[in-house]
Amino acid sequence: MKCHNPLLLIVFFFISQFSVAEENVEQKINAILSQMTLKEKIGQLNQLNARFPDQNLFEAIKKGQVGSVINVEDSALLTKMQRMAVSETRLGIPLLMGRDVIHGYKTIFPIPVGLAATFNTDLVKKGSRVAAMEATEVGIRWTMGPMMDISRDARWGRIAESFGEDVYLTTQMAVAVVNGFQDNDLTKHTSMAACAKHFIGYGATEGGRDYNSTNIPERQLRNVYLPPFEASIKAGCASVMTSFNDNDGIPSTGNKFLLRDILRTEWSFDGVVVADWNSVNEMINHGFCKNESEAAEIAINAGLDMDMVSEAYLNHLEKLVKMEKVSEETIDNAVRNILRLKFKLNLFGQPFVPKTNSVKAYSTVYLQAAQQAASESFVLLKNENNTLPFKTTIKKIAIIGPMADAPHDQLGTWSLDGEKSHTIMPYKALTEMYGGQVEFLYEKTLGFSRDNNKSKFKNAVKQAKKADVIVAFIGEESILTGEAHSLAELNLQGVQSDLIKELKKTGKPLVLVIMAGRPLTIMNEVAQADAVLYVWHPGTMGGPAIADMLFGKTNPSGKLPVTFPKYVGQIPFHYNHNMTGRPASKRETLLNDIPLEPRQSSLGCTSYYLDAGFDPLFPFGFGLSYSSFEYSNLQLSTTLMTVYDSLTAKATIKNTSDVDGYEVVQLYVRDLVGSIARPVKELKGFQKIYLKAGDSKTVEFILKASDLAFYGLDLTKKTEPGDFDIWIGKNSEEGLKGKFSVK
Ligand code: BGC
């Protein structure tokens with residue numbers, strides 16, 4: 001490394017005298033801070049977009065005006081910029097290289113909602129480990145994930161990036177991803193700093209329209225939206241990203257209560273708080289700040305360390321300090337958080353990717369993990385007459401529909417670096433893997449999911465008539481989900497529903513493989529199909545995973561992390577709702593049974609829709625298997641515990657089929673009476689078990705009384721004594737029920 005500056009040499013010397021041991025880090029930070037000008041400090045708080053790097057960006061780096069860059073695609077460029085930072089700036093402080101590495105870097109895993117459907121935290125952790133191995137090979141050390149927004153509205157396109165609607169499941173998945181990226185030791189050059197986003201409540205955006213406002217009261221914030229963040233921070237998550245929404249009128253990026261009182265004071269978070277893209281400046285659009293200077297002032301005083309790309313900090317903080325609207329101490333503390341992360345990542349010691357790095361993207365082990373994750377994410381929603389897996393009597397299969405060969409869409413949203421050329425599509429996989437034993441008759445029929453051109457329907461029907469079974473690959477393109485991609489209707493796009501009707505008319509068994517980023521309203525299509533496999537956007541290895549499942553080499557084990565509504569009008573719809581004062585009896589009168597001119601009160605007064613009833617299409621936690629499992633013998637170690645105790649809940653699960661398989665055993669509780677109304681059910685545990693045909697296993701859950709704690713009437717978290725229902729079951733609607741009390 002060439003070093004032009006004597007001061008730089010002194011700083012390097014000073015830094016190298018210390019190990020990365022934590023106790024010394026604060027001294028090192030202070031040593032650097034004491035050398036920094038105000039301008040250099042403000043530079044550390046500035047993250048710039050390096051997607052289209054130009055001379056201005058390079059100059060800014062050299063002047064010490066940049067603490068981090070985001071969106072660099074090219075490893076040579078990344079190295080070049082890091083070299084500028086460490087050897088051409090006065091103090092040689094390395095850059096934090098950020099990128100959205102969400103569900104894979106090169107080897108793309110299923111979208112996060114699919115990962116959640118695996119109910120397999122080890123596998124999900126492995127997925128983010130693979131992503132980190134591949135991304136750090138080019139020098140990216142900071143990922144902008146995981147997203148842990150509780151998402152109960154499928155209209156919101158970013159539900160695809162979420163772990164679904166449940167607090168417990170989201171928390172487990174978020175922590176698994178954080179651990180996968182950070183690998184318990186950020187100093188390793190193969191570790192990436194994770195970023196818990198979006199803080200907070202972004203998934204509750206009104207009407208499911210992206211960027212919209214939220215209105216989450218503090219109690220709900222604490223009971224539903226904050227827990228995954230708190231758990232991730234406890235697990236060591238290095239950074240947090242603010243959200244775009246205003247909650248109750250306050251944009252998160254300027255919300256001191258969130259960023260200081262909760263994050264720093266209550267949770268003792270000492271990592272970096274970064275704004276979401278341009279969200280400092282967007283506080284002007286919100287009508288929360290009158291100009292960029294005020295936005296910078298409000299954000300830094302609220303506790304936002306790093307400004308992502310808006311440059312409001314760069315443009316105004318120096319002046320704001322001079323005007324005493326922002327104290328230098330506030331700036332110093334923000335810089336400390338950023339330098340601390342740079343130390344934790346050992347960027348001062350090793351700013352570049354070591355030459356010895358031998359990790360290769362798309363390694364066989366990575367592809368195998370991606371295939372397993374895809375396979376475990378698939379949810380079998382229907383399987384009449386055991387249509388799946390295909391029997392050996394099946395000789396000809398018609399492959400119809402736009403998603404059988406859609407490599408780009410298969411990768412899903414936020415797969416910035418995934419490559420079509422490495423993606424294996426279902427049609428290709430089926431022909432290559434099973435072409436020797438069956439004949440495939442392929443007719444894509446529609447170019448893409450929104451295609452309205454029916455001219456190839458004839459060919460599709462012709463192929464279908466020749467086949468023993470039809471497999472229709474339908475769904476939605478990846479661009480219809482993700483950021484800024486909300487939908488008001490969730491029916492299948494284009495003329496896909498019409499295609500299903502035509503295929504159904506052939507009388508041949510009809511299998512739907514649905515590739516989508518969210519729950520779609522597919523009630524009519526499910527009714528027409530013999531079998532339905534929901535495969536989300538399954539990533540690089542989706543094709544082989546689907547092929548093996550259709551032919552029974554693997555057995556479905558995914559469970560829904562989100563409730564599937566029958567109609568959009570039921571949204572937001574989640575299993576863990578409150579009871580209401582007039583709960584549905586599920587025997588309500590529906591539209592077609594209403595007599596003419598009845599009395600106002602003749603239908604009863606319960607909480608349901610006249611046209612949709614009360615039930616979802618499929619409940620949270622639901623998913624079939626080629627095996628069948630029987631639950632019996634629920635046993636509780638006690639039916640009375642104190643608030644300091646725990647109990648053991650056990651049940652026996654038997655595989656009553658002749659097929660080996662995995663089952664996700666789920667534990668739910670209901671707190672019958674609380675100081676506030678409590679959810680009808682809450683997931684408190686799950687275990688994925690493997691049972692050979694005919695085998696049984698007793699599954700044991702330990703439920704601590706503290707697991708039942710929540711923020712009640714007085715807004716403190718505690719376990720309230722009382723009576724509880726408890727279930728061990730196969731989904732949120734079916735289970736063995738017991739009772740216990742807490743005194
Ligand atoms: C998204 C974030 C993302 C950031 C950086 C924003 O538009 O909301 O989730 O990490 O861009 O790409």
Side-chain angles (χ1 to χ4, degrees), residues 46-53 66-73 78 95-105 111-113 128 131-132 135 140-151 156-163 170 174 177-178 181 192-205 208-214 225 228-229 232 237-247 251-253 271-283 285-286 299 304-312 412-418 478-479 481-486 517:
N46 184 32
Q47 183 183 56
L48 290 184
N49 180 13
R51 176 133 188 242
F52 306 108
V66 187
S68 170
V69 291
I70 185 166
N71 275 339
V72 189
E73 291 180 30
L78 213 133
L95 293 169
L96 271 172
M97 303 294 190
R99 188 158 180 80
D100 290 82
V101 179
I102 305 299
H103 52 109
Y105 178 64
I111 50 172
V113 73
S128 34
I140 302 159
R141 297 292 307 280
W142 188 19
T143 180
M144 302 294 127
M147 178 175 122
M148 48 190 80
D149 297 308
I150 301 291
S151 307
W156 191 49
R158 301 196 82 167
I159 195 170
E161 292 174 59
S162 82
F163 299 120
T170 297
V177 172
V178 168
F181 276 119
M192 286 178 101
C195 186
K197 74 183 186 187
H198 304 86
F199 198 67
I200 189 90
Y202 182 37
T205 148
R209 181 162 51 79
D210 206 6
Y211 312 127
N212 204 359
S213 303
T214 57
Y225 294 91
F229 289 86
S232 299
C237 185
S239 64
V240 169
M241 185 188 293
T242 61
S243 58
F244 285 129
N245 55 301
D246 67 284
N247 188 46
S252 304
T253 302
V272 170
V273 179
V274 62
D276 201 352
W277 191 274
N278 200 35
S279 67
V280 175
N281 239 324
E282 286 170 14
M283 289 199 287
N285 291 344
H286 276 282
L304 181 93
D305 301 324
M306 187 174 273
D307 173 7
M308 186 187 282
V309 311
S310 92
E311 298 185 40
T413 189
W414 280 117
S415 47
L416 299 182
D417 301 282
S478 59
I479 193 67
T481 59
E483 186 177 345
H485 303 155
S486 295

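Being a predicted model, the structure only gives us computed values, none of them experimental. Numbering of ligands and ligand atoms starts at 1, following listing order.
Shown in contact with Lys197 at under 4.0 Å from a heavy atom are these atoms of ligand 1, numbered in order with element: 2 (C), 3 (C), 9 (O), 10 (O). Close contacts of ligand 1 with Arg158, meaning ligand atoms under 4.0 Å from a residue heavy atom, involve 1 (C), 2 (C), 8 (O), 9 (O). Applying the 4.0 Å criterion to heavy atoms of Ile70 picks out, from ligand 1, the atoms 5 (C).
No donor-acceptor contact under 3.5 angstrom links the side chains of Ser68 and Trp142, judged on distance only. Side-chain polar atoms of Thr214 and Asn247 form a donor-acceptor pair below 3.5 angstrom. Between the side chains of Thr242 and Ser252, no donor-acceptor pair of N or O atoms lies under 3.5 Å. Side-chain atoms of Tyr225 and Asp149 include no donor-acceptor pair closer than 3.5 Å.
Close N/O approach between Asp100 and ligand 1 is found [any backbone or side-chain N/O within under 3.5 Å].
Under 4.0 Å from ligand 1, the heavy atoms of Trp414 that appear belong solely to its side chain. Residue contacts with ligand 1 for Glu483 involve side-chain atoms from C-beta outward but no N, CA, C or O (heavy atoms, distance under 4.0 Å). Neither the backbone nor the side chain of Asn71 has any atom closer than 4.0 Å to an atom of ligand 1 (non-hydrogen atoms only).
Thr143 places no side-chain N or O within donor-acceptor distance of the main-chain N or O of Ala193, the cut-off being under 3.5 Å.
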